[in-house]
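So that the names make sense, note that chain A is the first sequence line, chain B the second, and so on, each numbered from 1.
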There are 4 protein chains.
Amino acid sequence: MVTSTSEKYDKILQAAIEVISEKGLDKTSISDIVKRAGVAQGTFYLYFRSKNALVPAIAENLLSLSLEKIKERAKTATDFLSTLEVMIDETYKTTDEYRDVLVLCYSGLAFDYSLETWEAIYLPYYNWFEQVLNEAVKKDEVIKQLNVKWTAKTMINLIENAAELFYIGREQDVTLEQSKEELFQFLKRSLVPSM
Amino acid sequence: MVTSTSEKYDKILQAAIEVISEKGLDKTSISDIVKRAGVAQGTFYLYFRSKNALVPAIAENLLSLSLEKIKERAKTATDFLSTLEVMIDETYKTTDEYRDVLVLCYSGLAFDYSLETWEAIYLPYYNWFEQVLNEAVKKDEVIKQLNVKWTAKTMINLIENAAELFYIGREQDVTLEQSKEELFQFLKRSLVPSM
Amino acid sequence: MVTSTSEKYDKILQAAIEVISEKGLDKTSISDIVKRAGVAQGTFYLYFRSKNALVPAIAENLLSLSLEKIKERAKTATDFLSTLEVMIDETYKTTDEYRDVLVLCYSGLAFDYSLETWEAIYLPYYNWFEQVLNEAVKKDEVIKQLNVKWTAKTMINLIENAAELFYIGREQDVTLEQSKEELFQFLKRSLVPSM
Amino acid sequence: MVTSTSEKYDKILQAAIEVISEKGLDKTSISDIVKRAGVAQGTFYLYFRSKNALVPAIAENLLSLSLEKIKERAKTATDFLSTLEVMIDETYKTTDEYRDVLVLCYSGLAFDYSLETWEAIYLPYYNWFEQVLNEAVKKDEVIKQLNVKWTAKTMINLIENAAELFYIGREQDVTLEQSKEELFQFLKRSLVPSM
DNA sequence: GATGAATGAGTGTTCATTCAT
DNA sequence: CATGAATGAACACTCATTCAT
């Protein structure tokens, strides 16, 4: 996953995100994308091996943006629960903004990519959150009997899913605040010592 | 979602599940499916509006099968946690058996279907589990301060995701038993009163 | 061209005229027609050998209707020019009412039918008008140096074409009355002795 | 109607005229055409929006060829009747050479094209002949009481129809010379002052 | 690097037609 | 006569990809 960021690469990637948001991956043609990006048909293939190669690239782009923001805001968080709040809030925000492209990314495996690709994309996020959990364990902010690796992955997935459920599945039973709060409490109960 | 179960419909659906399991949706042609099903090309379109219409149909088929089994086994469960165990166990089993088709279904929204379709498919499962949760609340088996609707949806999603993570994401850090146990404890801590 | 007029035959033919008027021949499927006619798919083939067989059938239907009316009204015409006026008027009327189907019929040969079919359809019209012309010659109402057969065919074609030009080609330069009058004078000048 | 004449465009168009002449439009597949033209399947769609888009393109091609020749030969014509003779002769020739494709073109409206398309194709022919008629009026070669626009259109149509009737409808009653002569006299009587 | 004309394999879908009931 | 489920051949069209410039 080389993030060779040239001007054209970015143009194409952003155009792809836009067009796919509007039409869905299937109905989006390379022709649509290059037209929007303002480059030639062949130029696409200077930056992406194939149409399908877009999906992980988009995912990486969005996920690293999102992680960036989370890390930034988490700097000011003094305890684990504040960090958790930041993660939830930021994940909901990203999901709201990119909901149409995110269904692609969250379900990337529905497109025949090697797991390695996706592991690689999520690794920085997983690693960072494992670290957060480990520190929380040390500080007795969360219970000790956790498989940290499993918990990190599962929680990240759960948060993404809850957001997806809210924005895309359009739960009509709860408000945004209620959804986030319910999720927060759900996780807190599971992780934080009763007293 | 009319479950008009004619002989041909079933033949085609089962053939589709088989072929898609082997080749993935993209690389599966209608021709592949009808050949396997032993019907004519045009017959497919008597039962499915389009190729994409297969996805919700498959999802409904698998989910209702799975729910059937869960309900059956849950009959013998005396308390909430036993029921939870059954759900987890059965979800992992289904995911194992149909992993390649399930990525399609779990990520159904990546294909341009109306949410209504998916809501309708999941509704029986959601409804059943809401009922289970409500009874558990009554019996003080789980905490009272739950938004039952939200919790039902989220838990079902979480269990599916954990199974997907294990089988498809191929977690290498935990065994099957560990994964299920970790999940069980995670949910138990969040739902069951401390003592 | 057997005009075996059964109830279903008529239903199907009328339905065909309606649907083809709306969607054009190409985009009209047998399925559309039988649905409109309220009969079963297979029933169509009890009355028509194929989809293409509809075109001459429609043509015959419309042309014989039109000829019927012309003959009826021509009975009261005392001279050749009155008869000509009736032909023009009635042809314009039919063209107006069935313009969308008539393009099919007027250009029937664009569909691979044997000329014999079309000759047969037009024969009664040609024959009747030849007779009219012959009588007019006898009565010195038209010039003598005419090839009657050629003139009959050509005039019928010309009248149909002028009507088509007016209604379908949507001439914007003349009114309905002007178009008919211009045509009438055009033919009169060519056929009627100067004094 | 952009006559972007690139090499490939011409190759495809000529191939289409040939194949359609042999098999008719319906039974001609794009595959037939591109094989004959020696280009790839997809190349067809770089130059024609669809299969049906061939029809006006062919019509324009043939009509402009025909008009070219008429204009050329008409240069030497000293009076209106000579010009008329040229038109008739050339129209019969074109109809003879391209009879199978011309039925398509003469009946273009049977294919769902906008009238504008056909108006545009015929416009140069109409315009040229209107001019011819106007000059003839000035020179007292034809009668004054003509609606020139209507007459131009109608005469062009009539000539085309007479030729079609002769070659395609296979009149068996007259020879080529007789048919042309009959037509010429028919028009002459209608247009030229008696003395 | 950038272009965009050309490629041609690949496939979903339609629909006229048949035939067992 | 009537039905309508089943057929399966046939095809227009798309589009990811390449490559000469």
What's the [atom1]-[atom2] distance between [X] and [N], to the nearest Å?
{"X": "C:L25", "N": "E:dT14", "atom1": "CG", "atom2": "C1'", "answer": "15 Å"}
{"X": "C:I20", "N": "E:dA16", "atom1": "CD1", "atom2": "P", "answer": "11 Å"}
{"X": "B:L46", "N": "E:dA16", "atom1": "CG", "atom2": "P", "answer": "15 Å"}
{"X": "A:K23", "N": "F:dC15", "atom1": "NZ", "atom2": "C1'", "answer": "12 Å"}
{"X": "A:K27", "N": "F:dC15", "atom1": "NZ", "atom2": "C1'", "answer": "16 Å"}
{"X": "A:K11", "N": "E:dT3", "atom1": "NZ", "atom2": "C1'", "answer": "14 Å"}

Watson-Crick or G-U wobble mate for F:dT17, both contacts under 3.5 Å: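 By the stated definition (distances under 3.5 Å), E:dA6 pairs with F:dT17.
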Most 5' of A:T28 and B:G38 on DNA chain F, judged by nearest nucleotide: B:G38
5' precedence on DNA chain F between D:S29 and C:K8 (nearest-nucleotide basis):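 Looking at the nearest nucleotide for each, C:K8 comes out on the 5' side.
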Sugar-phosphate, base or nothing in reach of C:V39, heavy atoms under 4.0 Å: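 It contacts sugar-phosphate atoms only.
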Sugar-phosphate only, base, or nothing, as touched by C:T43 at under 4.0 Å among non-hydrogen atoms: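 It contacts base atoms.
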Any donor-acceptor pair under 3.5 Å from A:S66 side chain to A:L62 backbone: no
B:Q41 (side chain) and F:dT7 (base): donor-acceptor pair under 3.5 Å: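 Side chain to base: no pair below 3.5 Å.
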Approximate separation, where rounding is to 0.5 Å, of D:R36 CZ and D:I20 CD1: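 Reported value, rounded in 0.5 Å steps: 11.0 Å.
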Distance (rounded to the nearest 0.5 Å) between D:S6 OG and D:I12 CD1: 7.5 Å
Over 12 foreign heavy atoms within 6.0 Å of CD, C:E68: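 Result for CD/C:E68: open.
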Among E:dA2, E:dT17, F:dA6, the one nearest C:S50 by side-chain distance: E:dT17
N/O (side chain, C:Y45) to phosphate O (OP1/OP2, E:dC19) under 4.0 Å: no
Close side-chain approach of D:K51 to D:I33, heavy-atom, < 4.5 Å: no
Most 5' of D:G42 and C:R49 on DNA chain E, judged by nearest nucleotide: D:G42
